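Please read these numbers as outputs of a predicted model, since none were measured by experiment. Throughout, protein chains are lettered first and strands after them, A, B, ... in sequence-line order, and every chain is numbered starting at 1.
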Amino acid sequence: MDEKQIIQDFPIFHQPDRNGKTLCYLDSAATTQKPLSVLEAMDTYYKTYNANIHRGVYHLSELATEAHETTREKIRAWIHARSTTEIIFTRNTTESINLVAYSWGRKNLNAGDHMILTEMEHHSNLVPWQILAEEKGVELDFIPITDAGELDLEVYRQLLEKHPKLVCATGMSNVMGTIPPSKEMISAAHAAGALFLLDGAQMVPHMQVDIRDLDADFFAFSAHKMLGPTGIGVLYGKESLLEAMPPFLGGGDMIKKVHLRSFSANDLPYKFEAGTPAIAEAIGFGAAIDYLAQIGMDAVFEHESEITRYAIQELMKIPGLKIIGPLTSSNRGSAVSFTLDYVHPHDVAQILDRENICVRAGHHCAMPVHERCNVDASTRASFYIYNSLTDVDRLIDGLKIVHQLFGQD
Amino acid sequence: MDEKQIIQDFPIFHQPDRNGKTLCYLDSAATTQKPLSVLEAMDTYYKTYNANIHRGVYHLSELATEAHETTREKIRAWIHARSTTEIIFTRNTTESINLVAYSWGRKNLNAGDHMILTEMEHHSNLVPWQILAEEKGVELDFIPITDAGELDLEVYRQLLEKHPKLVCATGMSNVMGTIPPSKEMISAAHAAGALFLLDGAQMVPHMQVDIRDLDADFFAFSAHKMLGPTGIGVLYGKESLLEAMPPFLGGGDMIKKVHLRSFSANDLPYKFEAGTPAIAEAIGFGAAIDYLAQIGMDAVFEHESEITRYAIQELMKIPGLKIIGPLTSSNRGSAVSFTLDYVHPHDVAQILDRENICVRAGHHCAMPVHERCNVDASTRASFYIYNSLTDVDRLIDGLKIVHQLFGQD
Amino acid sequence: MDDLYRENILDHYKNPIYKGTLEPADLSFEDENPLCGDHLRIDLRVDEKGNVTDARFSGHGCAISQASADLLLESIIGKNIEDLKKLTKEDILDLLGIEELGPVRLKCALLSLKVLKGSLYGIGQKDEDL
Amino acid sequence: MDDLYRENILDHYKNPIYKGTLEPADLSFEDENPLCGDHLRIDLRVDEKGNVTDARFSGHGCAISQASADLLLESIIGKNIEDLKKLTKEDILDLLGIEELGPVRLKCALLSLKVLKGSLYGIGQKDEDL
Ligand SMILES: Cc1ncc(COP(=O)(O)O)c(C=O)c1O
Ligand SMILES: Cc1ncc(COP(=O)(O)O)c(C=O)c1O
């Protein structure tokens, strides 16, 4: 991987802050930075062929429609889906999961039905199901987190004996970096007669995904976590499932015909896309995929692994620091969360910020993970393609300043 | 209004097409073009302070949060809402209306309840209610369109006697340009004990709106129809109503606390904003409002009225042409739809496109309006701040070419 | 794009040869273009060997969809229905004499093929399979 | 920003004077910062004239929220609760000796004021009204 070229491609790293320090951005698990090519793709749309899509006869609208649909095809190829009918544009991972909860869930889950979640989920893969469970009387079971920061698959197997209708789990923890064995979990769910929703928000940005091989029934991710713009995400669903699901949001574009008192739904994927979509964002998303494709996802994963390995090694040397999650550095995502026993994560993040180092402090939208680990909050560093070992050194140096200020005298 | 300056501000008009013709964009009712300032606001975010918002302690995230929330305040001031707690960001008008249908509607409407819609609605203000009506057994009543292209207020008054719970109507027809008397309609609804949802998608871009004066209970609009980016829209709701409504989408940001089996919802407006929002888009939206504010909405409306008046006058001279909607040119929006008795709208649009004139052909997401008028489709020209009388001349000249090709010999 | 409204197409639109209905017909199918609501019906008469002996289209639509229907029916008279199943998007564009068409107008051009194939295979044929 | 971790604030964080609880207390209230889950409780003793005679805070949180709680309680001993109602965001920033604070950290700094006012007015006080 050509690190120099990558930094070159991301304008945000070219500008030092008011103290002359370049940006050390360690919050890519929250949202990534954007390469120039993504911004230019959107700019070109707005400046040369901006128009609403799908129904426009004129040339600009055709260009816009084509660009929008080209991204859909890129995403299909990217995750190895069978057909673009399986690729639905949403705002983000969160909306994708809610779409399944509202459309599939409300039709197929009933009082007394079981479904399985994990203790490791992001709020976006918990709250929609809590709302549904409350409304319909569905029973939620949870796969616990082991002390090593993995999912307890023994308990999973026991929970599957309750014949759940659906299993929802993340493909990579945004707090602990854990990569659960999704493929095995999915085939176990199928063997037990359950469908499987895989939260890919932290997967797709960081590793190759073959959704046909994984065989997940639903799969959700966000563009903004993989070099793309805010405002657009994806729901993948198996065609036969999507076909059988009722529409979710009603409005323009998701219809074939509308009379005053009735409508007929459009074909997939449009059936689930109501109103003017995030057109520029889809176009930017396409450019983000092109950018990642040109690096190659194996190279991305390898690069992140190297940094993560070094980060864990160096962090463990710091007295009073405890890493939340697996300490192994193989087959692990690049999110590294930790606590320092003498200082609150907010103070850590704030002091690091003075060094122009951006880390996240708090519960990272996963309170139950923190509850499980008996902490209120943690500090998280997460790495991506534009980071290097130097960023780890800066983080460690920053933590030394924290220690000077807050360490026991 | 400084027409030259405005054209200067919109990059898309600077580039002639392959035949050397400048862009004559007459499809602003579908989506508007964007001024450079909007694109630059988003670019600056992505290039200098891109970060996820709300929970970040570091400086970039604070800047992003502040910029995002500044737009919320601009929107509040723009529509004269009481508080930013009443301004909820959505993807578009369509999602805003669905949010009300799901959250307010499913809680408050029951079998046998009546609600009123109009024959003039965009699919986005019909289909969500059809879905709800089907699910809950709600009765839908419709205010008809008169031959003059207005709403039949006499029938409205009769329908109100059925004690509907909700009235949903557009503030301006996207097909006919009709501006119904919203304020009177709203106060009549309130007098009958009904709430009122006003579809502002075509209102907010074209006229001053004082939502407190209008007294609508819910109000929806999209940024992309008012110089802003795709991917972001607004739901305004009265605080007391929003407070009493259950959350819609569940996930990150809309919560205060999450345990494995329960959560507590965040305060307004965040309660209804789940997951990473359209951050760049909110920032671009703010710049769009600044741009419109600097022109002034009275000037915008006056400018459009002048063009519309001229367009109607010139179109009426064309043999075989029939305008759908009010022929009066005062107090009317700038969407002018028409049919030509010897040629299909698709052919009209395609022939105009060769002259680099963009008009919309089809049902404009309002099939029932076309059913009412006994036509399958129409051609629509719609005007905005960057249009001038010359654009009308080009349209008329283009229609002469259509006549040469298709006119009866 | 500029050859879209050549004399040939306008001719077939203004003076279609195969416009009408067949009563009774051996095969009959109708469908519409959801983008614009244009509606097309095709009636076919087929002999024992499966050869098309007569064909008509009815409905309403733009010049492209109407002309393509007229041209398509003209081209299939005498052909066997097994051959009709092999017709592709390119065949229609050839008939129209155009090389490329934007996605929206393509749907207009292909509506007649979609309806024809529908009459052969039954309901639910997707555009992508054409 | 750079004066955020001055000696004064670190001192009040590391060696708080008013940390603890009062049993019984005349007024007692607790709340949390939803952004980070930090939790704060304030106990007050008040005489017949409404003057604060003693105060303690408990809970956990970052240096800013803990120091601001300690500084706030120090400043209110002897004051009348009518005066406490008039305390503003600026008063807290003055106590902390900082001029500006980002929105997230502002919530940390103001948590103690929010809890104090909560004990005076009751539940549901919004940040904006502070
Ligand atoms: C009156 C009206 N309502 C609703 C909409 C839907 O807007 P959006 O597609 O941005 O959701 C439109 C836009 O076409 C409209 O004109
Ligand atoms: C594992 C996981 N799931 C879901 C989400 C939600 O993503 P978004 O905020 O884009 O909807 C995130 C992002 O924080 C995540 O890390």
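Between the A:N98 side chain and the B:L249 main chain, no donor and acceptor come within less than 3.5 Å of each other. Not one N or O on the side chain of A:T94 forms a donor-acceptor pair closer than 3.5 Å with the backbone of B:G251. A:Q350 places no side-chain N or O within 3.5 Å of a backbone atom of B:Y58 that could act as its donor or acceptor partner. Between the side chain of A:S124 and the backbone N or O of B:G252, at least one donor-acceptor pair lies under 3.5 Å. The backbone N or O of A:L140 lies less than 3.5 Å from a partner atom in the side chain of B:R261, making a donor-acceptor pair. Here the side chain of A:T31 pairs no donor or acceptor atom with the backbone of B:N52 at under 3.5 angstrom.
When each of A:N125, A:I97, A:I255 is scored by its heavy-atom pairs under 4.5 Å with chain B, the top score falls to A:I255. With respect to chain B, the highest number of heavy-atom pairs below 4.5 Å among A:A366, A:S222, A:A133, A:G56 belongs to A:G56. Ranked by non-hydrogen atom pairs under 4.5 Å with chain B, the options A:R360, A:M254, A:H122 are led by A:R360. Chain B forms more heavy-atom pairs under 4.5 Å with one residue of A:I131, A:L352, A:T276 than with any other, namely A:T276.
In this structure, the portion of A:L23 lying under 4.5 Å from any heavy atom of chain B is its side chain and not its backbone. For A:L36, the part sitting under 4.5 Å from any heavy atom of chain B is the side chain, from C-beta outward, and nothing else. When heavy atoms are compared at a cutoff of 4.5 Å, A:L126 approaches chain B solely by way of its side chain, counted from C-beta outward. No part of A:E121 comes within reach of chain B, as not one of its non-hydrogen atoms sits under 4.5 angstrom from that chain. Both the backbone and the side chain of A:N50 come within less than 4.5 Å of a heavy atom in chain B. Neither the backbone nor the side chain of B:T93 has a heavy atom closer than 4.5 Å to any heavy atom of chain A. Of the atoms belonging to A:Y25, it is side-chain heavy atoms, and not backbone ones, that fall under 4.5 Å from chain B. If you measure heavy-atom distances from A:S262 to chain B, the contacts under 4.5 Å come from the backbone alone. With a threshold of 4.5 angstrom between heavy atoms, A:Q33 approaches chain B through its backbone and through its side chain. With a threshold of 4.5 angstrom between heavy atoms, B:V359 approaches chain A through N, CA, C or O but not through any side-chain atom. Heavy atoms of A:I53 lying under 4.5 Å from chain B belong exclusively to its backbone. Using a 4.5 Å cut-off between heavy atoms, A:P277 contacts chain B through its backbone alone, with no side-chain atom that close. The parts of A:T48 that come within reach of chain B are both its backbone and its side chain, each placing non-hydrogen atoms under 4.5 angstrom from that chain. Heavy-atom distances place both the backbone and the side chain of A:H259 under 4.5 Å from chain B. Both the backbone and the side chain of B:E119 come within contact range of chain A, each with at least one heavy atom under 4.5 Å from a heavy atom of that chain.
Among residues two or more places apart in sequence or in another chain, the ring-ring contact (aromatic ring centres under 6.0 Å, His included) test is passed with B:H54 by B:H68, B:Y270. Partners of B:Y45 by ring-ring contact (aromatic ring centres under 6.0 Å, His included), not counting sequence neighbours, listed by chain and number: B:Y49.
The six-membered or imidazole ring of A:F248 lies near that of B:Y102, with a centre-to-centre distance under 6.0 Å.
Annotation for A:M367 and B:K256: closest pair CE-O, 3.1 Å, computed over non-hydrogen atoms. Contact between A:R91 and B:T90 at its shortest, heavy atoms only, is NH1-C, 3.8 Å. Of all the heavy atoms in B:D43 and A:L39, the pair that sits closest is OD1-CB, 4.0 Å.
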